[in-house]
Structure formats: C-alpha cells, structure tokens
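Every number for a ligand or one of its atoms is a count from 1 in the order of the listing. Atom set for the values below is all heavy atoms of this structure, side chains included, hydrogens, waters and symmetry mates excluded.
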Amino acid sequence: MITVAAAQPFPFAFPPDRTALIVIDMQRDFIEPGGFGETLGNDVSLLSAIVPTTARLIGLFRAQGWTIIHTRESHAADLADCPPAKRTRGGPALRIGDEGPMGRILVRGEPGNDIIPELAPLPGEIIIDKPGKGAFYATALGDILRLKGITHLIFAGVTTEVCVQTTMREANDRGYDCLLIEDATESYFPAFKAAAIDMIRAQGAIVGWTAPLAALEAAVKGTR
Ligand code: C5J
C-alpha cells in the first residue's frame, strides 16, 4: 500500500496494482479558446491552467506502469444517446450536435471532442466515451474496472463540480475509494470548485479524499 499522508480529511492509502487514474473530459471543446466552453461565455484559461499539473499526474502513472483511463463527454452522430432534455436545457446559442467552432458540439469524432494534444492518451490507455456527466452511466467503465480488479480511483479533470464530482459519487456508491487531485481539477467557477472539494471530503470523506499532486508524488517517491 502507498499512503498519501497529507490527504484530507485523513491519509488515503491505495494498492497501486488495484488503482486507476481517471482523467475526466480534458477535451478541446472545454479547454481551448474558441471551443464550446468559451462560446458559453466561460473563461477557459481557468481550465487550461491545470494542464501542466494533469500532465505531471499522467506522467507519474505512466512512469509506474499503473492503469490510466481517459473520458470524453460525447454523443453519437445521430444524437440517439442525447436526451432532448440535455440538448434543449437553458436554450444555448449552440446546442449539442450543432456545428461549432471545432466541429459538431460534443459529437464523437469531431475535432473539438478530442482530448487536448498535451494530454493525448497513449496506446494501451483506456478511453471511455460517456453521454452523461457521470462516467459509469451508459458506459463499460464498471465492467472494465471489475475485470481489472480495481478498488481505488484517483481523479483529475474538468469540471470539478459537474463531471468529476458526478463520477466520484457514482464510484463511491459502487464501493471504490476515491482521491481527487486538487490542482489537477478545475471549474469555470472557482467557488464551485472550492465547494465541491469541501463536499467531497466532508463528514469523514463522505464521497472521498482530496490532496495536492505534490502529496501524491511524495507518497509514491517514498516507495521507491
Ligand atoms: C463536464 C460539463 N465535463 N461541465 N461537462 O464537466 O458540462
């Protein structure tokens, strides 16, 4: 076991061979200027600020040979997996499936739907295309984790209070111990990120643990 001593609300211990990193939705449309996120009026520089930390986290897992899973929020080209309620909510100028600055919004295979080049998955890393906010809903993630014997999950990605928190809650209900890396997750709304982190670790880790990347790095270094 490796123990992240500085995790909150108390140390997080994980067995590396039964642990996976899940990097949520680090896609061009959420993170790059000119993408879907920006067309919604968001300041995407908040999200791009975590790219170097997330790259370091992925690099740490690659160096150790540990399991890495990437997710993309995405829909089929015919939108058969997009509930009308999701498509029409809020009356946005550009809806899911519409032609946007980087191709059709949140449609699989479009340029904007891709993971940003800085964090591109390597061969052998798992990619989960998910039509919902949570990565377990309508995907094979649960089966994949079960077949690999995974019991612990380490999370990064965007946005903290939407897809990251939803997936952590889904994972928590399924019995996984979950750690969120605080400086490898971000929101368009700093107050929402802070609140999500507080909620996750409240009441004795009711959803999971949180820690800065340096705390995980120190824990891993201690095992070498
Ligand atoms: C994600 C969103 N990935 N905020 N999506 O959080 O709509």
Side-chain angles (χ1 to χ4, degrees), residues 21-51 53-54 57-58 69-76 79 81-98 100-108 110-116 118-121 126-139 141 153 155-172 178 180-197 199-200 207-208 210:
L21 170 65
I22 302 194
V23 183
I24 303 278
D25 299 358
M26 293 298 283
Q27 295 165 249
R28 297 185 63 201
D29 249 334
F30 292 123
I31 290 164
E32 289 188 3
F36 179 47
E38 196 171 71
T39 70
L40 294 173
N42 296 305
D43 174 5
V44 293
S45 69
L46 283 166
L47 269 52
S48 58
I50 63 155
V51 172
T53 336
T54 310
L57 174 60
I58 293 171
I69 299 172
H70 305 258
T71 72
R72 295 184 291 218
E73 186 171 348
S74 66
H75 294 278
L79 303 186
D81 57 1
C82 182
K86 181 176 181 185
R87 190 156 190 265
T88 54
R89 187 87 43 87
L94 284 175
R95 295 174 196 274
I96 294 167
D98 287 352
M102 296 190 199
R104 292 181 68 204
I105 303 290
L106 294 192
V107 169
R108 263 164 238 149
E110 297 290 329
N113 202 240
D114 232 338
I115 291 167
I116 57 169
E118 299 93 316
L119 305 180
I126 297 158
I127 302 174
I128 301 286
D129 280 303
K130 61 182 186 60
K133 303 304 181 194
F136 286 84
Y137 169 70
T139 73
L141 179 61
L153 298 171
F155 281 92
V158 298
T159 60
T160 317
E161 79 282 8
V162 185
C163 292
V164 176
Q165 185 176 205
T166 302
T167 305
M168 281 188 80
R169 287 175 182 272
E170 288 181 324
N172 187 49
C178 300
L180 174 62
I181 302 301
E182 296 159 12
D183 41 353
T185 184
E186 198 46 85
S187 169
Y188 297 121
F189 307 94
F192 289 177
K193 173 181 175 176
I197 285 176
M199 280 182 226
I200 284 163
V207 176
T210 78

K.L.:
Verify the distance criterion only: is there a donor paired with an acceptor across the side chains of Asp183 and Thr53 at less than 3.5 Å?
P.N.:
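No, because no side-chain N or O of Asp183 sits under 3.5 Å from a partner of the opposite role on Thr53.
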
K.L.:
Checking salt bridge (charged side-chain N to carboxylate O under 4.0 Å, His left out) for the pair Glu73/Lys86: CA distance, chi angles, key distance, verdict?
P.N.:
CA-CA 12 Å; Glu73 186 171 348; Lys86 181 176 181 185; 2.8 Å; yes

K.L.:
If you measure every N or O of Cys163 against every N or O of ligand 1, does any of those distances drop under 3.5 Å?
P.N.:
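Cys163 vs ligand 1: N/O contact under 3.5 Å present.
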
K.L.:
Taking Arg108 first and then Asp81, would you say they form a salt bridge - that is, a charged N and a carboxylate O separated by under 4.0 Å?
P.N.:
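Salt bridge flag = yes for Asp81 with Arg108.
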
K.L.:
Which of the atoms of ligand 1 are close to Val162, meaning less than 4.0 Å from one of its heavy atoms?
P.N.:
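Within the 4.0 Å cut-off of Val162, ligand 1 contributes 2 (C), 4 (N), 6 (O).
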
K.L.:
Can you sort out which atoms of ligand 1 are near Val158, meaning under 4.0 Å from one of its heavy atoms?
P.N.:
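So the atoms of ligand 1 that pass are 1 (C), 3 (N), 6 (O).
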
K.L.:
Compute the shortest N/O to N/O distance between Lys133 and ligand 1 and return yes if it is under 3.5 Å, no if not.
P.N.:
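Right, the criterion is met.
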
K.L.:
Of all the atoms in ligand 1, which lie at a distance below 4.0 Å from a heavy atom belonging to Phe30?
P.N.:
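Counting from 1, the qualifying ligand atoms are 3 (N), 5 (N).
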
K.L.:
With side chain to side chain donor-acceptor pair (under 3.5 Å) as the test, would you mind laying out the steps for Ser187 and Thr159 before giving the verdict?
P.N.:
CA-CA 5 Å; Ser187 169; Thr159 60; 5.3 Å; no

K.L.:
One pair to check against side chain to side chain donor-acceptor pair (under 3.5 Å): Asp129 and Ser74. What are the steps and the verdict?
P.N.:
CA-CA 6 Å; Asp129 280 303; Ser74 66; 3.0 Å; yes

K.L.:
By number and element, which atoms of ligand 1 are closer than 4.0 Å to a non-hydrogen atom of Glu73?
P.N.:
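Answer, ordered by atom number: 1 (C), 2 (C), 3 (N), 5 (N), 7 (O).
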
K.L.:
Using a heavy-atom cut-off of under 4.0 Å, does the side chain or the backbone of Thr159 touch ligand 1, or both, or neither?
P.N.:
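Contact part for Thr159 vs ligand 1: both backbone and side chain.
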
K.L.:
Report, in ascending order of atom number, the atoms of ligand 1 lying under 4.0 Å from any heavy atom of Asp25.
P.N.:
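Atoms satisfying the 4.0 Å criterion: 1 (C), 3 (N).
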
K.L.:
Do you know the tightest heavy-atom contact between His75 and Cys82?
P.N.:
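So the two residues come closest at ND1-CB, 3.4 Å.
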
